[in-house]
Amino acid sequence: MFAGPLPSADVISFGHVLHGYSETVRRELIAKAYAAVPPGGALLVYDAMTDPGRKQNLISSLSGLNIMLEMREGFEATTTQCADWLRAAGFVNIRKRHLIGPTSMVYGRKPGRPSRSNDGY
């Protein structure tokens, strides 16, 4: 994912990946995802992100401490930070969702309408 562009896809998912890297690297990978998805495509990021609106963030906070010990530049971002990174890359219709346990997801779409396929699918 670091060498060259990401492969083209309608949806790209970063699951439990970004937390090990610096903010600069995260922004670069999100920008690569933006370039790889077509208009109407989406990026999903899910991890043990902390959610400032949730009172019980103990597991996410502990996960953040753990990743900081394992990876020199790693940290658990907040869902708001992640949404801001997607927005800065050009994604729109950004949503934040708590999934299960400590895991939350932030997702957004690339502006534009998906192209219609002529292959019958």
Side-chain angles (χ1 to χ4, degrees):
M1 73 182 171
F2 294 109
L6 295 177
S8 181
D10 290 336
V11 177
I12 292 179
S13 175
F14 291 135
H16 299 284
V17 172
L18 298 183
H19 67 181
Y21 301 103
S22 69
E23 181 175 342
T24 301
V25 171
R26 293 175 204 214
R27 287 178 179 267
E28 290 170 0
L29 290 171
I30 290 168
K32 283 184 169 192
Y34 185 86
V37 297
L43 172 63
L44 296 92
V45 178
Y46 63 92
D47 211 328
M49 290 179 271
T50 58
D51 183 347
R54 288 180 47 221
K55 302 257 188 241
Q56 300 298 323
N57 279 318
L58 182 59
I59 295 175
S60 295
S61 297
L62 288 173
S63 178
L65 287 173
N66 185 57
I67 197 66
M68 287 168 40
L69 291 170
E70 291 179 13
M71 306 291 287
R72 187 171 193 85
E73 295 183 343
F75 65 98
E76 293 294 357
T78 67
T79 53
T80 301
Q81 285 174 302
C82 187
D84 289 344
W85 298 332
L86 267 66
R87 193 172 295 106
F91 288 98
V92 297
N93 300 331
I94 297 165
R95 303 283 186 264
K96 302 183 280 186
R97 297 280 186 266
H98 174 253
L99 298 177
I100 188 168
T103 306
S104 292
M105 178 174 65
V106 177
Y107 60 95
R109 293 197 159 276
K110 187 172 185 174
R113 296 178 187 256
S115 61
R116 297 284 182 212
S117 173
N118 292 328
D119 59 11
Y121 293 99

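Because the structure is predicted, anything quoted here is derived from the model rather than measured. All residue numbers in this chain count up from 1 along the given sequence.
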Report the residue from Met49, Met105, Arg87 that forms a side-chain contact (heavy atoms from CB on, under 4.5 Å) with Cys82.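 Result for side-chain contact (heavy atoms from CB on, under 4.5 Å) with Cys82: Met49.
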Non-hydrogen atoms of [X] and [Y] that approach each other most closely:
X     : Y      : value
Tyr34 : Pro111 : OH-CD, 3.6 Å
Pro38 : Ala9   : CD-O, 3.1 Å
Ala33 : Leu43  : CB-CD1, 3.9 Å
Thr79 : Ser104 : CG2-CB, 3.8 Å
Pro7  : Ile12  : O-CD1, 4.2 Å

Just verifying a value: how many Å separate [X] [atom1] and [Y] [atom2], rounded to the nearest 0.5 Å?
X     : Y      : atom1 : atom2 : value
Gln81 : Leu86  : CD    : CG    : 12.5 Å
Tyr46 : Leu99  : OH    : CG    : 9.0 Å
Asp84 : Thr78  : CG    : OG1   : 7.5 Å
Thr80 : Lys96  : OG1   : NZ    : 3.0 Å
Asp47 : Thr103 : CG    : OG1   : 7.0 Å
Tyr21 : Phe14  : OH    : CZ    : 10.0 Å

Connected via hydrophobic side-chain network under 4.5 Å: [X] and [Y]:
X      : Y     : result
Val92  : Ile94 : no
Val17  : Leu44 : no
Val106 : Val25 : yes

Ignoring hydrogens and angles, tell me if any N or O in the side chain of [X] forms a donor-acceptor pair with the backbone of [Y] under 3.5 Å.
X      : Y     : answer
Arg27  : Trp85 : no
Lys110 : Val37 : yes
Arg26  : Leu18 : yes

Taking the side chain as everything from C-beta on, heavy atoms only, tell me whether Ile30 gets closer than 4.5 Å to Phe91.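 Of all side-chain heavy-atom pairs linking Phe91 with Ile30, at least one is under 4.5 Å.
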The test is side chain to side chain contact (heavy atoms under 4.5 Å, CB included); show your working for Tyr107 and Asn93 and say whether it passes. CA-CA 8 Å; Tyr107 60 95; Asn93 300 331; over 6 Å; no
